[in-house]
Participant: 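Input: one structure, supplied below.
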Amino acid sequence: MGLTDIFDIAGSALAGQTTRLHATASNMANASNVSSTAEDAYKAKRVVFRTVLEDQIIGNVRRPAGSLLVDGVKDDPSPHRKLYDPSNPLADEDGYVYQSNVEEVEEVVEMLAAARSYQNNVEVINTAKQLMTRTLEVLKA
């Protein structure tokens, strides 16, 4: 493992957490959407991560062991809430509409966790950069 692998690993984590924040933002934006069927209602998005266990070349990019990969964005299978709202133009023949399965409190927790992880990886990059700079200063002397 080379010194630059630290930057590759932390960079992959930054990209993964960015994807996670995008999914959370999409979920929050669609939290109050309703639909006339449960199948058409918005489904919360969840990002699935995978860890690279050994150095790999994926595409044309070398991924060092410990890197984070986004394995995909999946729909949350949790059930949708059914609300009785006969005045809603989207209501079915029984007067029900189906809300998205987004839990706003859960999304805020997800957003805070992603933001904290992002900050931690930025700190890793800054610390590695400082250590490399100090090492060069020691070698100059």
Side-chain angles (χ1 to χ4, degrees), residues 1-140:
M1 179 179 279
L3 280 175
T4 59
D5 288 349
I6 295 169
F7 297 109
D8 292 337
I9 293 168
S12 70
L14 292 176
Q17 296 308 323
T18 300
T19 303
R20 189 175 173 194
L21 283 170
H22 285 209
T24 302
S26 176
N27 291 341
M28 292 294 279
N30 291 289
S32 61
N33 285 358
V34 293
S35 181
S36 57
T37 64
E39 292 78 29
D40 291 341
Y42 179 82
K43 294 165 184 57
K45 308 294 182 216
R46 300 285 173 236
V47 179
V48 179
F49 295 119
R50 181 169 56 100
T51 303
V52 176
L53 298 176
E54 297 178 2
D55 290 358
Q56 294 178 359
I57 295 177
I58 300 172
N60 291 333
V61 180
R62 180 185 161 274
R63 301 286 183 181
S67 295
L68 180 88
L69 294 177
V70 174
D71 211 26
V73 179
K74 308 283 183 191
D75 288 339
D76 186 340
S78 59
H80 297 273
R81 283 178 293 231
K82 187 176 176 182
L83 299 174
Y84 184 70
D85 186 7
S87 64
N88 191 317
L90 294 175
D92 61 11
E93 62 271 358
D94 297 326
Y96 288 98
V97 292
Y98 297 86
Q99 276 190 318
S100 68
N101 60 355
V102 175
E103 294 290 336
E104 291 171 333
V105 173
E106 184 179 320
E107 295 303 322
V108 170
V109 170
E110 184 81 7
M111 181 178 56
L112 292 174
R116 179 57 59 103
S117 181
Y118 192 93
Q119 290 171 342
N120 288 341
N121 283 289
V122 167
E123 196 61 37
V124 166
I125 290 171
N126 285 334
T127 301
K129 187 175 78 177
Q130 288 173 351
L131 289 173
M132 291 175 86
T133 303
R134 288 182 187 159
T135 301
L136 288 174
E137 289 172 1
V138 167
L139 292 175
K140 281 183 188 176

Participant: For Q99, which of R81, K82, H80 qualifies under side-chain hydrogen bond (donor to acceptor under 3.5 Å, both in side chains)?
Facilitator: R81
Participant: Can you measure from CD1 (I58) to OG (S67) and round to the nearest 0.5 angstrom?
Facilitator: 8.0 Å
Participant: Could you go step by step and tell me if N88 and L83 meet the side chain to side chain contact (heavy atoms under 4.5 Å, CB included) rule?
Facilitator: CA-CA 10 Å; N88 191 317; L83 299 174; over 6 Å; no
Participant: Rounded at 0.5 Å granularity, tell me how far CE in M132 sits from CD1 in I6.
Facilitator: 7.5 Å
Participant: Checking side-chain contact (heavy atoms from CB on, under 4.5 Å) against Y118, which of N120, N121, V122 comes through?
Facilitator: V122
Participant: Indicate yes or no: at least one non-hydrogen side-chain atom of N126 is less than 4.5 angstrom from one of K129.
Facilitator: yes
Participant: For Q130, look at atom CD and say whether over 12 heavy atoms of other residues, nucleotides or ligands are found less than 6.0 Å away.
Facilitator: yes
Participant: Can you name the nearest heavy-atom pair linking V97 to D85, along with the distance?
Facilitator: CG2-CB, 4.2 Å
Participant: Between the main-chain N or O of V102 and the side-chain N or O of N27, is there a donor-acceptor pair closer than 3.5 Å?
Facilitator: no
Participant: Any chance the side chains of Y98 and D40 put a donor and an acceptor closer than 3.5 Å?
Facilitator: no
Participant: To check you understand the geometry: which heavy-atom pair defines the closest contact between V70 and G16, and what is its length?
Facilitator: CG2-CA, 3.8 Å
Participant: Do NZ/NE/NH1/NH2 and the carboxylate oxygens of K45 and E107 come within less than 4.0 Å?
Facilitator: no
Participant: As an exercise, state the distance from CG of N60 to CD1 of I57, rounded to the nearest 0.5 Å.
Facilitator: 9.0 Å
Participant: Give me the atom names and distance for the closest heavy-atom approach of Y84 to D94.
Facilitator: CE1-O, 3.3 Å
Participant: Examine distances only and state if a side-chain atom of S100 and a backbone atom of N30 form a donor-acceptor pair shorter than 3.5 Å.
Facilitator: yes
Participant: Ignoring hydrogens, what is the shortest heavy-atom contact between E104 and A31? Give both atom names and the distance.
Facilitator: OE2-CB, 3.4 Å
Participant: Is it the case that the side chain of S26 and the backbone of H22 share a donor-acceptor pair, with hydrogens and angles ignored and the cut-off at 3.5 Å?
Facilitator: no
Participant: Please name the pair of heavy atoms, one in A113 and one in R20, separated by the smallest distance, quoted to 0.1 Å.
Facilitator: CB-NH2, 3.4 Å
Participant: Would you indicate whether the side-chain heavy atoms of V124 and I9 approach each other to under 4.5 Å?
Facilitator: no
Participant: Can you tell me how far apart CZ (R63) and CD (Q56) are? Round to the nearest 0.5 Å.
Facilitator: 10.0 Å
Participant: Should we count CZ of R62 as having more than 12 external heavy atoms under 6.0 Å?
Facilitator: yes
Participant: To the nearest 0.5 Å, what is the distance between OG1 (T19) and CG (D71)?
Facilitator: 12.0 Å
Participant: Taking all atoms of both residues into account, what is the closest heavy-atom pair of D55 and P64, and its distance?
Facilitator: OD1-CA, 3.2 Å
Participant: If you round to the nearest 0.5 Å, how far is CG of L131 from CG of L136?
Facilitator: 11.0 Å
Participant: Have a look at R46 and tell me which of E103, E106, E110 forms a salt bridge (Lys or Arg N to Asp or Glu O under 4.0 Å) with it.
Facilitator: E106
